[in-house]
There are 2 protein chains.
Amino acid sequence: MTPLNNTFKALSDPSRRKILQLLRTQDMTAGEIANHFSISKPSISHHLSILKQADLVQDEREGQNIIYSLNTSVLDDLITWFLDLTDTSGKENS
Amino acid sequence: MTPLNNTFKALSDPSRRKILQLLRTQDMTAGEIANHFSISKPSISHHLSILKQADLVQDEREGQNIIYSLNTSVLDDLITWFLDLTDTSGKENS
DNA sequence: TAGATATTTAGATAATAATCTAACTATCTT
DNA sequence: AAGATAGTTAGATTATTATCTAAATATCTA
């Protein structure tokens, strides 16, 4: 399983993309993130775990809280993937 | 359902991403595309239909063949989405 | 028009993924 | 140490998705 596959799978869910958008502005605890959704805390925890596996977010415990933050390095890889796709310099027809 | 959601859903499958990579170099008929895979033709047809719905590819009949080509305009929107996410100018902490 | 080729559509099945409640772990406070 | 708070893990259920075979549609050619 290519590493990018995890990333795309992670991005395929709207809740997970919303989480990334939330973290764009500021780091947040799991609870704060969950407050922005109507689904249960365990579900959010599950989404966070998938985002973590995909290396799209990082987490760090601070007392009772676990603070999540965006990890932009993998996103850079994705942008490269897309730019590569839209770079039609190797295209033969049309 | 946001339009970008279709796009992300479409990109979440490795076969569909491989199809996009194939079309990057040259336009191809459905059959030619299917020849690059070990899964059945109807399955590929299904994948192509999802890519078409997501506006990631276009198709045009030419005789018995249906020729598929990449539609980069939606990919540009995606790149914008990613760039927006990695643009941390609005970030308050860390 | 009959047969061959290219592709899609229909319908069924199997694998994945999202979600829930209940229970567990970790940390803090008193 | 007991209780409260924050978060995760387990296990089950439901919904979604990928895939298959069989049948249908469209086009070409003899």
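First the proteins, then the strands, lettered A, B, ... as listed; each starts at 1.
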Problem - Hydrophobic cluster membership, A:Ile50 vs B:Leu85, 4.5 Å side-chain cutoff - result: no

Handout entry: Any residue of residues 38-51 of chain A with a heavy atom less than 4.0 Å from an atom of DNA chain C
Key = A:Ile39, A:Ser40, A:Pro42, A:Ser43, A:His46, A:His47, A:Ile50

Problem - Partners meeting side-chain contact (heavy atoms from CB on, under 4.5 Å) with B:Leu78 (sequence neighbours left out) - result: A:Phe82, B:Leu4, B:Thr7, B:Phe8, B:Leu11, B:Leu75, B:Phe82

Completion exercise
Residue pair A:Ser12/B:Lys52 against DNA chain C: nearer the 5' end by closest nucleotide is B:Lys52

Problem - B:Arg16 vs D:dA18: side-chain N/O to OP1/OP2 distance below 4.0 Å - result: yes

Exercise for the section: Would you kindly give the CG-to-C1' distance between A:Asn5 and C:dA17, to the nearest whole Å? Expected result: 14 Å

Exercise for the section: Please confirm whether the backbone N or O of A:Ala10 pairs with a side-chain atom of A:Arg16, one donor and one acceptor, at under 3.5 Å? Expected result: yes

Exercise for the section: Using the rule that two of Ile, Leu, Val, Met, Phe, Trp, Tyr join whenever any of their side-chain heavy atoms come within less than 4.5 Å, decide whether A:Ile67 and A:Met28 are in one cluster. Expected result: no

Practice task
Check every strand shown and say whether A:Tyr68 touches a base, only sugar-phosphate, or nothing at a heavy-atom separation below 4.0 Å.
Solution key: sugar-phosphate

Problem - Rounded distance (Å) that lies between atom P of D:dT27 and atom CD of B:Glu60 - result: 13 Å

Completion exercise
Here the pair of heavy atoms bringing A:Lys41 nearest to A:Gly31 is NZ-CA, 4.4 Å

Problem - Between C1' of C:dT27 and CG of A:Asn65, the distance in whole Å - result: 10 Å

Handout entry: Interatomic distance where CD belongs to B:Gln53 and P belongs to D:dT16 [whole Å]
Key = 15 Å

Practice task
Taking B:Lys18 for its side chain and B:His36 for its backbone only, find out whether a donor-acceptor pair lies under 3.5 Å.
Solution key: yes

Handout entry: Non-hydrogen side-chain atoms of B:Leu70 and B:Leu56 separated by less than 4.5 Å
Key = no

Handout entry: Nearest-angstrom distance from the residue atom CD1 of B:Ile67 to C1' of C:dT7
Key = 13 Å

Problem - For atom NZ of A:Lys9 and atom P of C:dA15, their distance in whole Å - result: 15 Å

Problem - Distance (rounded to the nearest 0.5 Å) between A:Arg61 CZ and A:Thr29 OG1 - result: 11.5 Å

Problem - Separation of C:dC24 P from A:Gln64 CD (nearest whole Å) - result: 20 Å

Handout entry: Nearest-0.5 Å distance, CG of residue B:Asp55 to OG of residue B:Ser73
Key = 6.0 Å

Problem - Divergence of helical axes at both termini of the helix from C:dT1-D:dA30 to C:dT30-D:dA1 - five pairs an end, 10° steps - result: 20°

Practice task
Return the value, rounded to whole Å, for the distance between atom CD1 of B:Ile33 and atom C1' of C:dA6.
Solution key: 13 Å

